[in-house]
Structures are given as C-alpha cells and as structure tokens.
Amino acid sequence: MEDALSPTREQLRHDTYEPPRIDQQTSRRAWRKVTVFENLHNRGEIEYFQLRAAEKLEMHWHGAQGACVAFSEDSGAAGEDSEYPRTWHAQKLSQAQDQLRPREWLALQDIIMGASLEDVGRKWRAVGRREIARAQALVLVSEGLDVLGRYWGLATKEKGRSV
C-alpha cells in the first residue's frame, strides 16, 4: 500500500521529493515535493532571498489562478477582509512582470508551470548539450529572481555590501 502512495524511484533519484519522515500523530510516511527553486537553493545556485522571491512569485501565480493562498505569511490584502483576492494576486503578478525583461519573465513562468531548467534553456538557445541549456536557463532565472528580490525588499545587506 505504501509503495502506491510513494514517489517513483526515478522521482527519488532526481531529488524531487524530500526523504520520508514519520509524523508524531500518525505512523504514516509523508512525502513532500521539492520545487525547482528549492533544489537550486539547496545546491547553492541561488541565494536565500532569491528563493523567497520565487516563493512569493509562486504564491501570486497560484493566487491569480484562483487557488487559496491565504495561509501564506505574505497574503497582504488577499486575506479574509479582501473581496477579490484573485484580482489582488493578478495585480501583484502584473507588477512583478513589469519589473522583469520578457525572457526572464517567460523563463520563471515556464519553471512555475513545471518545465525543467534544460527545457527552458533550449527554448531560448538551440544547444545540444544539456549542461549548456541548464546554465543558460539558470542565468535567466537567477537574474529574474534577483530583480524581484530587490523589488519586493527581500534582499538584505550582507558582509558590508548591499545585495
């Protein structure tokens, strides 16, 4: 029964799920999917403020699609007293899009929709090697998240310089 509920071996090999943990209330294994942005941060390819910017972008993305994201710590006007949370998230998403170059926006959009870094890199440059396509996409994604992190005030001063 547990095998049917757990991720496949291929998914486990590609670091798309956290290792199983036993919950204190139940003796059931809980699997949590790790996002592309979390994987990039865990590998040291993006900074923490960029990860926070990606999480905020995803929150606004899903909120604009109509999903309830009110339990987020940054729900703002989309909380209980807002009459139109979907509209509020769509406005925040539009403001974020205005800050980015078109390629950065489309790359982040593709990642949120489930594309891999290699797919995004090949979309913008016709390359045969997987590593080059991934590096191409990583530049677009990290630059876009850097801009959003600064725009949303998530970047902090580190080591005497502003990030």
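Positions are given from 1 along the sequence.
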When the side chains of residues 114-121 are checked against the rest of the protein, which donor-acceptor pairs come out under 3.5 Å, sequence neighbours left out?
unit_1: Ser116; atom_1: OG; unit_2: Glu118; atom_2: OE1; d: 3.4
unit_1: Ser116; atom_1: OG; unit_2: Asp119; atom_2: N; d: 3.2
unit_1: Ser116; atom_1: OG; unit_2: Asp119; atom_2: OD2; d: 3.1

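- Counting all heavy atoms, side chain and backbone alike, Leu100 lies closest to Gly144 at CD2-O, 3.3 Å.
- Ionic pairing of Glu45 and Arg134 is present here: one or more N-O contacts between side-chain nitrogen and carboxylate oxygen are shorter than 4.0 angstrom.
- Using a 4.5 Å cut-off between side-chain heavy atoms of Ile, Leu, Val, Met, Phe, Trp and Tyr, with links allowed through other members, Leu140 and Ile132 fall into different hydrophobic clusters.
- Checking side-chain atoms of Gln99 against main-chain N and O of Ala96 turns up no donor-acceptor pair under 3.5 Å.
- Heavy atoms only, all atoms of each residue included: Arg122 and Val127 are closest at NE-O, 3.7 Å.
- In this structure, NZ in Lys92 is found 13.0 Å from CG in Leu57, a value given to the nearest 0.5 Å.
- For His89 against His60, the heavy-atom pair with the smallest separation is ND1-ND1, 3.0 Å.
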*asked:* I'd like to know whether Trp152 forms a side chain to side chain contact (heavy atoms under 4.5 Å, CB included) with Arg52, so could you lay out the CA-CA distance, the side-chain angles of the two residues, the decisive distance to 0.1 Å, and finally the verdict.
replied: CA-CA 10 Å; Trp152 283 325; Arg52 296 277 296 141; over 6 Å; no

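- Residues Arg150 and Ala155 come closest through the heavy atom pair CG-CB, 4.2 Å.
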*Could you check Gln50 against Phe37 for side chain to side chain contact (heavy atoms under 4.5 Å, CB included), going step by step and ending with a plain yes or no?*
CA-CA 9 Å; Gln50 293 172 320; Phe37 299 116; over 6 Å; no

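- Take Ser94 and apply the side-chain contact (heavy atoms from CB on, under 4.5 Å) test, not counting sequence neighbours, and it matches Asp98.
- In this structure Arg101 satisfies the side-chain contact (heavy atoms from CB on, under 4.5 Å) test together with Glu104, Glu143, sequence neighbours excluded.
- Taking CD from Gln97 and CG from Leu108, the interatomic distance works out to 11.0 Å, rounded to the nearest 0.5 Å.
- Applying the salt bridge (charged side-chain N to carboxylate O under 4.0 Å, His left out) criterion to Lys123, with sequence neighbours excluded, gives Asp110.
- In plain terms, the two heavy atoms of Ala107 and Val141 that are nearest each other are CB-CG2, 4.4 Å.
- Side-chain contacts under 4.5 Å among hydrophobic residues (ILVMFWY), followed directly or transitively, place Val139 with no other residue at all.
- Looking at residues two or more places apart in sequence or on another chain, you find a salt bridge (charged side-chain N to carboxylate O under 4.0 Å, His left out) between Glu38 and Arg32.
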